[in-house]
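Labels below follow one simple rule: chain letters A, B, ... track the order of the sequence lines, proteins then strands, and each chain is numbered from 1.
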Amino acid sequence: MENLSTLTGKYGDEGDKLIFKVLNSGEYLGGKIFNKTKENLLSFLDNQIEKSKKIAPLSLQDIWDNETEKSVLEVLKMHMQEVGISEKALRYDLTVPFARYVVMNRNDITFPFKRYQVQPVWRADRPQKGRYREFYQFDADVVGSPSLVYEAEFFQIFAEVFKRLGTSVTIKYNNRKVLNGITEAIGAQDKFVEVVTIIDKLDKIGVEKVNEELAVLGVTPSGIDKLQVLFTLQGGDKEKLEAIKTTVSSSEIGVKGVEELQAVLSYLEAANFDFSTIEFDPSLARGLSYYTGAIFEVKAHGVQIGSICGGGRYDDLTGLFGLPNVSGVGISFGVDRIYDVLNELNLFPETMADAAKVLVTNFGVDEEKFSFNLVTKLRAAGINADMYPTQAKLGKQFEYADKKKIPFVAVIGADEMANNVVNLKDMVSGVQEKYTVEELIGKLK
RNA sequence: GUGGUUUUAGCUCAGUUGGUUAGAGCGCCUGAUUGUGGUUCAGGAGGUCGCCGGUUCGAGCCCGGUAUUCCACCCCA
């Protein structure tokens, strides 16, 4: 939970709408209130007016007489929310609260400061596949240095993580300064957000629609013409960056953005980084408004889902909380979406690494004590063992082992107890052999 | 936030113009096999048809409300 004021204004207009606001203790604004009859509603609101002078200026009866029922309800809802919403809100991401934390603890932190963090965050959005109201983010950030080496490190982290997960991804990147340069170069710097939003839709609606929307926005034909380089970039990232550099050559900030990315690539090159998974995308914008430099986005291959990671550099975020001139850069893994991807691509192992290796049978009152003693010995020897919990038919116990993918079953009945041996069945081959306890431990270890 | 869509057995889904006892596959249980899983065969259990109300002699099916699922837009993890 954060103060509402900590979160508002950090994520853009859309972000502000998606912040989960929290009601004051004891308030209830559920739909039931707004479905009441006129009489009930008016008497309810009279009580509210008594409680709060904030909505006293409203003459409810007047509005009711002159407006449609729906608009009255809208007006009432707005005023109700003014009364009911507290100064608290649920975390929207981990970056802004982290910036607040850094400012609060500035005296105890040695910069550059690195940290990782896993926690749930919330969006007041309509949920659908891959879009959740509550989901986990895994964030890694470093604040207190403008060094572009950190950008390179985050590329390495992305690449290493998805390599280990066995997932094929594309790490897309861009730089806000490049976008600034582009809007400057086409003489539309006063419409930065609008232009960038349209360009960002490129892969979704296509070049023609993008040009159309830019024209409607008021971008000059020569400006639009200049932009076409963006849509027809050829070659590797190095070539693309050179081409963009020419496009934004008239913009000081634009050139700086390109040079920053070139520097990052040079670090990666020095570290023998595999460039095949990364892709410079000058149309990549990202919604969060606090980014000022590099921006990242990771897309999974073979699964239709939004981006599974995001990130970028923010020069001024701590400044908003009273600590200026501290640059930071960080990335965020969308843990739930990554889970969805792994699940859909069947990348989770069939069995858990720490699942039981052997199931010891349970035949009855005397046998289960012998079995429990064996389980204890096996565990003491470092073998992951389990005993069937109740006396049951042997077939049932084998079936259980089969379904749990437990590779061995140790059968202990009257015969085995009398001879002080264990009858071990290999569930894959079906072969069954008798061992002493010591031999069994040696066999399973 | 806007526009759609889904909801019937544990799971995935059929269910005709409203008509007797709501079905299938898979799963589950029992037995064939009294101490031996996967395969096969035989049998069985399991449903307030999301919820509330209405129309009708009669509603899983029609109407109203509500919840919910998923999708598109928007936006993003």
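Residue A:R126 has its side chain nearest to B:G4 when only B:U36, B:G4, B:C29 are considered. Side chain of A:F363, nearest nucleotide from B:G35, B:G1, B:C74: B:G35. Comparing atom distances between the A:L18 side chain and each of B:G38, B:C75, B:U36 picks out B:C75 as nearest. Which of B:G31, B:G35, B:G4 sits closest to the side chain of A:K393 comes down to B:G31. Each of B:G38, B:C71, B:U36 was ranked by its minimum atom distance to the side chain of A:D402; first place goes to B:G38. Taking only side-chain atoms of A:R131, from C-beta outward, the nucleotide of B:G4, B:C73, B:G35 with the closest atom is B:C73. The side chain of A:F398 approaches B:U36 more closely than any other nucleotide in the set B:G1, B:G27, B:U36. Among the nucleotides B:C74, B:G37, B:U36, the one closest to the side chain of A:E399 is B:G37. Comparing B:A72, B:C75, B:G35 by their closest approach to the side chain of A:Q128 singles out B:A72. Side chain of A:K403, nearest nucleotide from B:C74, B:G31, B:C28: B:C28.
Taking atom P in both B:U68 and B:A59, one finds a spacing of 28 Å when rounded to whole Å. As rounded to the nearest Å, B:U6 and B:C62 have P atoms that lie 11 Å from one another.
The residues A:E151 and A:R313 are annotated as salt-bridged, a charged nitrogen and a carboxylate oxygen being separated by less than 4.0 angstrom. A salt bridge between A:E438 and A:K443 is absent, with no side-chain N of the basic residue lying under 4.0 Å from a carboxylate O of the acidic one. Ion pairing of A:R133 with A:D125 is absent here, as no side-chain N (NZ or NE/NH1/NH2) approaches a carboxylate O to less than 4.0 Å. Under the 4.0 Å criterion applied to side-chain N and carboxylate O atoms, A:E160 and A:R164 are assigned as salt-bridge partners. Ion pair A:E279/A:K299 not flagged as a salt bridge, since none of the NZ, NE, NH1 or NH2 atoms sits closer than 4.0 Å to an Asp/Glu carboxylate oxygen.
A straight line from NZ of A:K434 to C1' of B:U36 spans 13 Å, rounded to a whole angstrom. Protein atom OH of A:Y11 is 23 Å distant from nucleotide atom P of B:C74, rounded to whole Å. Rounding to whole angstrom units, CD of residue A:E14 and C1' of B:C73 are separated by 11 Å. One atom, OH of A:Y388, and another, P of B:U36, lie 15 Å apart when rounded to the nearest Å. Residue A:I406 contributes atom CD1, which lies 15 Å from atom C1' of B:U36 at whole-angstrom precision. A:I198 has its CD1 atom 10 Å from the P atom of B:C75, to the nearest Å.
The residue among A:S429 and A:S307 whose nearest nucleotide of RNA chain B lies closer to the 5′ end is A:S429. With RNA chain B read from its 5' end, the first of the two nearest nucleotides for A:K299 and A:K129 is the one closest to A:K129.
Other residues, nucleotides and ligands contribute at most 12 non-hydrogen atoms within 6.0 Å of the OH atom of A:Y101.
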- Go through the steps for A:I383 and A:V358 under the test side chain to side chain contact (heavy atoms under 4.5 Å, CB included), then give the verdict. CA-CA 8 Å; A:I383 296 161; A:V358 58; 4.2 Å; yes

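For B:G37, neither phosphate oxygen OP1 nor OP2 lies less than 4.0 angstrom from any side-chain nitrogen or oxygen of A:Q397.
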- Base-pair map of RNA chain B as dot-bracket, where | denotes pairing with a different strand and pairs are Watson-Crick or G-U under 3.5 Å: ((((..(..((((.....[...)))).(((((.......))))).....(((((..]....))))))..))))....

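Among the protein residues, A:D336 comes within range of no part of the nucleic acid, since none of its heavy atoms lies under 4.0 Å from any strand.
Using modelled atom types, no side-chain atom of A:D16 and backbone atom of A:I19 make a donor-acceptor pair closer than 3.5 Å.
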